[in-house]
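Every chain is numbered from 1 and lettered A, B, ... according to where its sequence line falls, protein lines coming before strand lines.
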2 protein chains.
Amino acid sequence: MQSKTKSALETLRERLTNGHYALGARLPSERSLCAALGISRSGLRKVLSRLEAEDLVWRHVGKGTFAGPRPALGSESFRIVTSKTNPLEIMEARLMLEPHIAAAAAQRASFQEIERLALCAKRNHEANDLETNEKWDVLFHETLVIATRNSLLIALYGGISKMRLSDEWCLRKQQWITPENWESFKKQHGSVVQAVRERDEAGAEKAMHEHLISVRQHIQSTYL
Amino acid sequence: MQSKTKSALETLRERLTNGHYALGARLPSERSLCAALGISRSGLRKVLSRLEAEDLVWRHVGKGTFAGPRPALGSESFRIVTSKTNPLEIMEARLMLEPHIAAAAAQRASFQEIERLALCAKRNHEANDLETNEKWDVLFHETLVIATRNSLLIALYGGISKMRLSDEWCLRKQQWITPENWESFKKQHGSVVQAVRERDEAGAEKAMHEHLISVRQHIQSTYL
DNA sequence: AACTACACCAAAATAACATTGGTGTCTAAT
DNA sequence: ATTAGACACCAATGTTATTTTGGTGTAGTT
């Protein structure tokens with residue numbers, strides 16, 4: 001008879017609206033819930049599908065069923081993003097963040113961090129293979145973000161660094177790196193270090209902006 | 001005799017500098033390495049400690065020994081950051097990112113996304129409890145970043161959103177939210193939506209900047 | 001036609017296991 | 001007395017196996 005599933009639907013809808021299941025809370029598994037409600041799993045699943053359509057619950061294999069609307073983002077893992085993104089997206093994000101990071105670093109960097117910055121720049125342009133060069137470059141920019149003393153920024157930038165060590169990025173870099181821009185990057189890094197050393201916030205921001213614009217331009221040229 | 005450990009040190013230092021062990025590469029485990037070098041584990045560990053002090057290697061229990069300087073970030077997980085950060089750090093990061101995000105969204109948002117933006121703003125100022133208000137506010141800013149079409153930015157912003165739904169943030173918000181700034185936030189959201197609708201990149205960036213400055217100011221007042 | 005019972009799948013969480021660097025102790029050699 | 005080697009143990013981490021979860025289909029029952 002239909003009354004059973006109907007009453008189960010009412011029961012669950014009640015619990016979801018009156019707070020018996022709090023927003024975002026995990027409901028019992030389907031297998032235990034159907035037993036508790038005295039209906040079959042097939043019947044329960046119809047009820048849950050209905051509730052999901054009403055945005056009262058959301059479900060995910062392996063995780064469970066949860067009260068409330070499906071979270072818009074945050075469900076995606078970083079590994080998934082790796083496959084979706086590309087060097088131009090990375091550069092857009094870096095252009096948003098890093099000039100400000102450089103400014104903050106110029107304000108707060110310790111003497112030790114400034115020396116580390118200079119060391120990374122030195123090792124970077126001394127490197128004779130591309131992979132080593134890129135690793136020291138990543139380390140340079142990481143040191144900069146650490147100098148901001150903002151733990152959230154540091155965590156966020158970790159996501160960008162991971163992307164830059166991915167295979168696709170390195171392959172792309174091989175295409176646009178040349179002895180000429182290798183040399184110009186060296187100068188740009190030097191400008192950033194100098195501005196940070198002189199506590200010149202605006203100068204550091206400008207130097208970093210110019211550096212990233214330069215990098216993006218070389219990347220874009222390989223896309224045409 | 002001391003000559004054995006001494007020569008082992010030279011051997012390893014050689015391998016680390018000439019690229020036999022690439023930067024960031026993982027060295028064999030201590031147990032296999034000491035056997036390969038023909039010395040005891042205790043002796044090897046002294047050598048490794050020396051090399052670690054010289055920043056030629058770094059070690060971590062359970063992971064192993066790696067060539068190069070210790071990576072500054074990437075080892076920390078996001079959950080750890082949650083406990084370290086605070087509302088002011090969050091606002092600094094948002095001030096770096098979101099004005100640019102608003103500009104990019106103004107350029108690329110679909111009509112559907114613009115409508116969703118307006119809906120979030122409406123629901124936000126219609127809400128009569130703080131939690132619902134915050135939820136719609138988060139959704140407003142998330143919709144904006146999704147409109148940038150930059151999957152890396154979307155992923156990065158997910159980290160910020162998580163922080164804003166944490167307990168500390170909500171407690172803080174209770175302290176600085178008042179009917180007056182509730183009303184002013186409504187106007188600021190409206191300005192952003194309007195600028196995006198008119199494809200006014202500079203206007204969206206400016207409106208978002210002013211909004212976040214306003215929020216930060218109210219937060220700062222509770223810290224004094 | 002609607003509900004039940006059952007088997008199977010893939011995604012995800014959880015648990016069990018193995019590996020790694022870190023530390024201390026004891027012995028032997030010099 | 002000092003040094004180096006051999007060993008046992010620990011906690012952090014990586015790796016693998018197992019279990020749990022929602023998703024799907026089929027056959028039988030009422």
Could you check whether any side-chain N or O of A:E89 sits under 3.5 Å from a backbone N or O of B:S151, counting only pairs where one atom can act as donor and the other as acceptor? yes
Whole-Å distance, B:W58 CH2 to C:dG22 C1', equals 15 Å
Practice problem: Tell me whether the OP1 or OP2 atom of C:dG22 has a side-chain N or O from B:R59 closer than 4.0 Å. | Solution: yes
The correct set of residues in residues 26-39 of chain B placing a heavy atom under 4.0 Å from DNA chain D is B:R31
Between the CD atom in A:E14 and the CG atom in A:L9, the distance rounded to the nearest 0.5 Å is 12.0 Å
Rounded to whole Å, CZ of B:R41 lies from C1' of D:dC10 at a distance of 11 Å
Rounded to whole Å, the CG-P distance (A:L9 to C:dA2) equals 15 Å
For B:Q174, the side chain to side chain contact (heavy atoms under 4.5 Å, CB included) test, sequence neighbours excluded, returns B:L130, B:L171
To the nearest angstrom, the CZ-C1' distance between B:R70 and C:dG21 comes to 11 Å
CG of B:L97 to CE of A:M96, rounded to nearest 0.5 Å, is 7.0 Å
Side chain to side chain contact (heavy atoms under 4.5 Å, CB included) with A:R13: of A:N18, A:L56, A:V47, only one passes, and it is A:L56
* **Distance below 4.0 Å between A:T5 side-chain N/O and C:dC3 OP1 or OP2** => yes
- request: Please work out which of the three classes, parallel, tilted or perpendicular, describes the rings of A:H211 and A:H141, given edges at 30° and 60°.
  value: parallel
- Task: Salt-bridge test for B:R216 and B:E98: reply yes if a basic N is under 4.0 Å from a carboxylate O, no otherwise.
- Result: no
Query raised in the report: Any ion pair linking A:R50 and A:E54 (charged N to carboxylate O, less than 4.0 Å)?
Result: yes
The correct set of residues in residues 42-50 of chain B placing a heavy atom under 4.0 Å from DNA chain D is B:S42, B:K46
To the nearest angstrom, the CG-C1' distance between B:L51 and C:dG21 comes to 15 Å
For the pair A:F185 and A:W176, name the ring-plane relationship: parallel under 30°, tilted 30 to 60°, perpendicular over 60°. perpendicular
- Message: Looking at B:H60, I'd like to know whether one of its side-chain N or O atoms comes within less than 4.0 Å of OP1 or OP2 on C:dT20.
- Response: no
